[in-house]
Amino acid sequence: MKRIKIKEILRSENEKKQVLVKGWIRTKRESKDFSFLEVNDGSCLKNIQIIADTALSNYSEIEKITTGSAVSISGKLVESIGGGQKWEIKAETIDIISFAPETFPLQKKRHTDEYLRTIAHLRPRTNKYSAVFRIRSELSYAVHKFFHDQDFQYVHTPILTSSDCEGAGELFRVTTLDLNNLPKLDKKIDFRKDFFGKEANLTVSGQLSAEMFALAFGDVYTFGPTFRAENSNTARHVAEFWMIEPEMAFCDLNQNIVLAETLLQYLVNHVLDNCDEDLTLFANFVDKQLRSTLLSIVSSGFIKLPYTDAIEQLMKAKISFEFPVEFGKDLQSEHERYLTEEVFKKPVVIYNYPKNIKPFYMRLNDDNKTVAAMDVLVPRIGEIIGGSQREERLDVLEKRMEENNLNKEDYRWYLDSRRFGSVPHSGFGLGFERLIMLMTGITNIRDVIPFPRTPKNIEF
RNA sequence: UCCCCAGUAGCUCAGUCGGCAGAGCAAGUGGCUGUUAACCACUGGGUCCGCGGUUCAAGUCCGUGCUGGGGAGCCA
């Protein structure tokens, strides 16, 4: 007989003569004549209640079942006599696949997130984390569905890259050289002896590669892991994270902003429509305002504010900031949060930033002072999307690279795209983990990725 | 990397002024019950994060290191 998932069982309309369920024991309650077992198989938040009668041939074994043990149960699906659940299984056979000894670290009580982080390999067996990772999976699907429905091509951009792309951010070095015996040439490391014959790193963004494909396919997106070796110790940063990067040809900054808004609203709606049970857990136990926050995102358009207007808004703010507001400087976290949480209470798109605080590839505006950049800020998290219209004019781009002391030789292929059929194009990066934080109300990014990598931590 | 806070039983935490190491949950045993984080009784369970110092005496005070958390910067 084929096993049936608990999610499907709980949707049943009628009793069933025989079902087969496999999963892990969450809790056991013993009665005089029988025991109640609660089994979870990860297919949904809820457990199925099992009635184990003392008449079962291996009842003495069943009595010893502990939380965390793996079991296989066949029996009759019947309406529950007790309150609290509609269905239960009157077990005919209970096979214990394996016992979890009493050292099993998860108990049937609330654990702190900090503790669960130390047992990240077991935390998906808790209610909260199974809900997080089901939503993560559902959101991944929704991302692909959104772009597929809009005829975007999915591009796999490289994870291994040659050095210095973007020239910003700390990179993870990739090498096969023997670090205890490095080949030297004139007292410097001889990278000609390394695997690729030159320095190599893990990617910090798929953007530059995605641009090349946008200039062939029109609309493309990437969705993959990204690596930053920044020594960041915050609830919003990890060294390995996932990013969604659409890139569109024949697209200006305004159209870019529209896509960012449409995408975020689509994803929120998808979760509201498809993850209600898991969402309810977060709305009840993690963030009481979760539903109103999500509804504020889908119910109306985002606020769009040029950088200069944002600065003006902040200048006239009645509260005092730790860091002064000043034109030409990037917004601090406190400024971003003030705008999105206090002033507008919904997502805010800030665009046209001063060129000196943004990377070389962003398109220079006619004022010669600002670039066509945009950041989407959301309550609690701050920046969730960063993007821009790209500089498509070869001469302007080369000048910007010179100003930033970048070696044009390293970017020959990138500059080629501006030599041969260059067109206006735009794109952005959406932080996938920050998106999940937004959807769940979880405030630490380490709790929305299965095995977080942070400075001094690469366990599991 | 900088600032602040914390580390006590398997887990969550209390521990007063420096004076015998505590509770709840979990575990074990027994009881009761269509139970719902079941309930009741009993039992076992400690490198008080490590190292050094002050003191008759340190979980408690001081120094230092490690780990975790919160905030900042960098950004998604």
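Below, chains carry the letters A, B, ... as their sequence lines are ordered, and counting in each starts from 1. Everything quoted here is computed from the prediction, not taken from an experiment.
- If you check every strand for non-hydrogen atoms under 4.0 Å, A/T234 touches a base.
- In this structure, CZ of A/F323 is placed 11 Å from C1' of B/rC3, rounded to the nearest angstrom.
- Taking only distance into account, the side chain of A/S232 never meets the base of B/rC75 through a donor-acceptor pair shorter than 3.5 Å.
- Side chain A/E30 to base B/rU35: no donor-acceptor pair is found below 3.5 Å.
- Formation of a donor-acceptor pair under 3.5 Å by the A/D95 side chain with backbone atoms of A/I97 is not found in this model.
- Among the protein residues, A/T112 comes within range of the sugar-phosphate backbone only, with heavy atoms under 4.0 Å from sugar or phosphate atoms but none that close to a base.
- Contacts of A/R446 with the nucleic acid, taken as non-hydrogen atoms under 4.0 Å apart, involve only primed sugar atoms and P, OP1 or OP2.
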Side-chain polar contacts of residues 350-360 of chain A - donor-acceptor pairs under 3.5 angstrom, sequence neighbours left out - could you list them?
from, atom 1, to, atom 2, distance (Å)
A/N352, OD1, A/N365, ND2, 3.1
A/Y353, OH, A/D375, OD2, 3.2
A/K358, NZ, A/D375, OD2, 3.4

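- Between A/Y115 atom OH and B/rU12 atom C1' the separation is 11 Å, expressed in whole Å.
- With A/E277 as the partner, the side-chain hydrogen bond (donor to acceptor under 3.5 Å, both in side chains) test is satisfied by one option alone out of A/K7, A/K46, A/R134: A/K46.
- Within 4.0 Å of A/I51, counting heavy atoms only, lies at least one base atom of the nucleic acid.
- Contact annotation for A/Q332: backbone-only contact, meaning every heavy-atom pair under 4.0 Å involves sugar-phosphate atoms and none involves a base.
- In the set B/rG71, B/rG69, B/rA76, the nucleotide with an atom closest to the side chain of A/A235 is B/rG71.
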